[in-house]
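Here the structure is a predicted model, which means the values were calculated and not measured.
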Amino acid sequence: MKIASWNVNSLRVRQSQVENWLLDQRPDVLVLQEIKMTDDLFPEDIYAELGYQALWSGQKTYNGVAILVQDGLMIDSDVIKAIPGFEDPQQRVLAATVDGVRIVDLYVPNGSEVGSEKYQYKLDWFAALQEWIAEERNRHEKMVILGDFNIAPADADVHNPKRWQGKILCSDLERQALEKLLSLGFVDTFRKFNTEGGQYSWWDYRSGGFARNQGLRIDLILSSLAMEGVAQDSWIDTEPRGWEQPSDHAPVIAEYL
DNA sequence: ATGGTAGCTGGGCTA
C-alpha cells in the first residue's frame with residue numbers, strides 16, 4: 001500500500017498538477033490539505049475518471065482537506081470530518097478506514113507566532129487531537145496519521161536551526177505536543193528510512209527558499225507500530241516543488257507491504 | 001532586515 005500526503009495550497013490552482021502526479025505515482029491513497037474550496041466545487045468527477053474515489057471536507061477561502069482512494073479499495077462507513085467534541089469552524093480533519101487501515105488526514109493550524117491567539121488555538125487544537133487519537137488508537141491497530149503538521153520535529157528538520165529556535169513551527173511546546181502524540185504508539189515514518197538532514201517538505205515562497213533548499217520538514221506520516229512493521233520506504237518527492245506555479249509544499253510518501 | 005511571495009478576494013487575512 002502506497003500512501004501519500006500533499007498540501008496543495010488551493011486545489012483549483014493545483015488541479016492539473018495533482019492529476020499528473022496521481023498518474024505518475026499511482027498511490028493507493030493521497031490525502032490533500034488546503035484545498036481552499038467549498039464542498040460543492042470539489043472536482044469529484046475528475047478523480048473518478050482517474051480511478052479514484054474521493055472524500056472531502058471543504059470551506060470557503062481557507063483550509064479544507066480531502067482523501068483520494070484507488071478504486072477497488074474498500075472505504076468503510078466510519079468517516080469523521082472533525083475532532084469529536086472540539087468546536088471548530090475550520091475544516092482541518094478527515095478520517096476514514098481504507099482497506100482496514102485507519103487513515104487520518106490532518107491540516108494542523110500554523111500558529112502564526114509564538115504567544116499569539118493563533119498559537120494558543122494550535123496548542124488547544126493539538127490537545128484535542130491527542131485525546132481523540134488516543135481513542136482511535138484503541139479501536140484500530142493499523143493507523144496512519146499524515147498531513148501538514150506545521151511542526152518540524154527536530155533541528156535536523158530545519159535548514160537554519162539557530163534562526164528558527166523557539167520560533168513558530170519549532171517551539172518547545174509544539175515539539176512536545178508532537179512527542180506526546182508519538183508516545184501513543186506512532187513513529188515518524190520518514191525518519192525510519194532517512195537519517196540525513198537537509199530534507200524538507202516545505203519551502204517559503206518568499207526569498208527563493210526552494211532554490212537554496214532553505215526549508216523545513218513539517219509534512220509527516222505517522223505510522224502505528226503495526227504499520228511501522230510493514231513499512232518498506234518513505235520519501236519526499238521534491239520534483240513538484242520545482243514545477244511552474246508550485247505549491248509551497250512537496251508530496252510525502254510511505255510504502256507498506 | 002519585520003521584508004519578501006502566493007492565494008483568495010476585491011481590502012486584508014492567512015500562510
Integer-rounded Å distance: [N] [atom2] and [X] [atom1]:
| X | N | atom1 | atom2 | answer |
| --- | --- | --- | --- | --- |
| A:Gln59 | B:dT14 | CD | P | 12 Å |
| A:Glu117 | B:dA15 | CD | P | 13 Å |
| A:Asn160 | B:dA1 | CG | C1' | 15 Å |
| A:Tyr107 | B:dT14 | OH | P | 11 Å |
| A:Leu11 | B:dG7 | CG | P | 13 Å |
| A:Ile35 | B:dC8 | CD1 | P | 12 Å |
| A:Arg92 | B:dT14 | CZ | C1' | 10 Å |
| A:Tyr121 | B:dC13 | OH | P | 18 Å |

Below 4.0 Å: OP1/OP2 of [N] and any side-chain N or O of [X]:
| X | N | value |
| --- | --- | --- |
| A:Gln245 | B:dG7 | yes |
| A:Arg14 | B:dG7 | yes |
| A:Lys118 | B:dT14 | yes |
| A:Ser10 | B:dA6 | no |

request  = Rounded to whole angstrom, note down the C1' distance from B:dA15 over to B:dG3.
outcome  =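 B:dA15 and B:dG3 have their C1' atoms separated by 15 Å.
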key: Salt bridge flag under 4.0 Å for residues A:Asp157 and A:Arg175   =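 Looking at A:Asp157 and A:Arg175, the cut-off is not met.
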query = Which comes earlier along DNA chain B counting from the 5' end, the contact point of A:Pro246 or that of A:Glu34, where each point is its nearest nucleotide?
reply =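 Looking at DNA chain B, the more 5' nearest nucleotide goes with A:Pro246.
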ask   = Want to settle it: does A:Arg206 or A:Gly111 sit nearer the 5' end of DNA chain B, counting the closest nucleotide to each?
value =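 Nearest-nucleotide comparison on DNA chain B picks A:Arg206.
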task = Using a 4.0 Å heavy-atom cut-off across all strands, classify A:Arg163 as base, sugar-phosphate, or nothing.
result = nothing
query = Which part of the nucleic acid, if any, lies within reach of A:Phe210 when heavy atoms closer than 4.0 Å are counted: base, sugar-phosphate only, or nothing?
reply = nothing
key: A:Tyr62 side chain, from C-beta outward: closest of B:dT14, B:dC8, B:dA15   =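 Side chain of A:Tyr62 sits closest to B:dT14.
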message = Once ring-ring contact (aromatic ring centres under 6.0 Å, His included) is applied, what residue pairs with a partner in residues 19-44 of chain A remain, sequence neighbours excluded?
response = A:Trp6-A:Trp21, A:Phe42-A:Tyr47, A:Phe42-A:Trp56
query = Are side-chain N/O atoms of A:Lys122 and A:Asn110 paired as donor and acceptor at under 3.5 Å?
reply =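 No, no side-chain donor-acceptor pair sits under 3.5 Å.
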ask   = Any side-chain donor-acceptor pair under 3.5 Å between A:Ser5 and A:Asp219?
value =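 Their side chains do not contain a donor-acceptor pair, so the 3.5 Å distance test is not met.
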ask   = Taking only residues two or more places apart in sequence or in another chain, which ones pass side-chain hydrogen bond (donor to acceptor under 3.5 Å, both in side chains) with A:Trp243?
value =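 By the side-chain hydrogen bond (donor to acceptor under 3.5 Å, both in side chains) rule, A:Trp243 matches A:Glu239.
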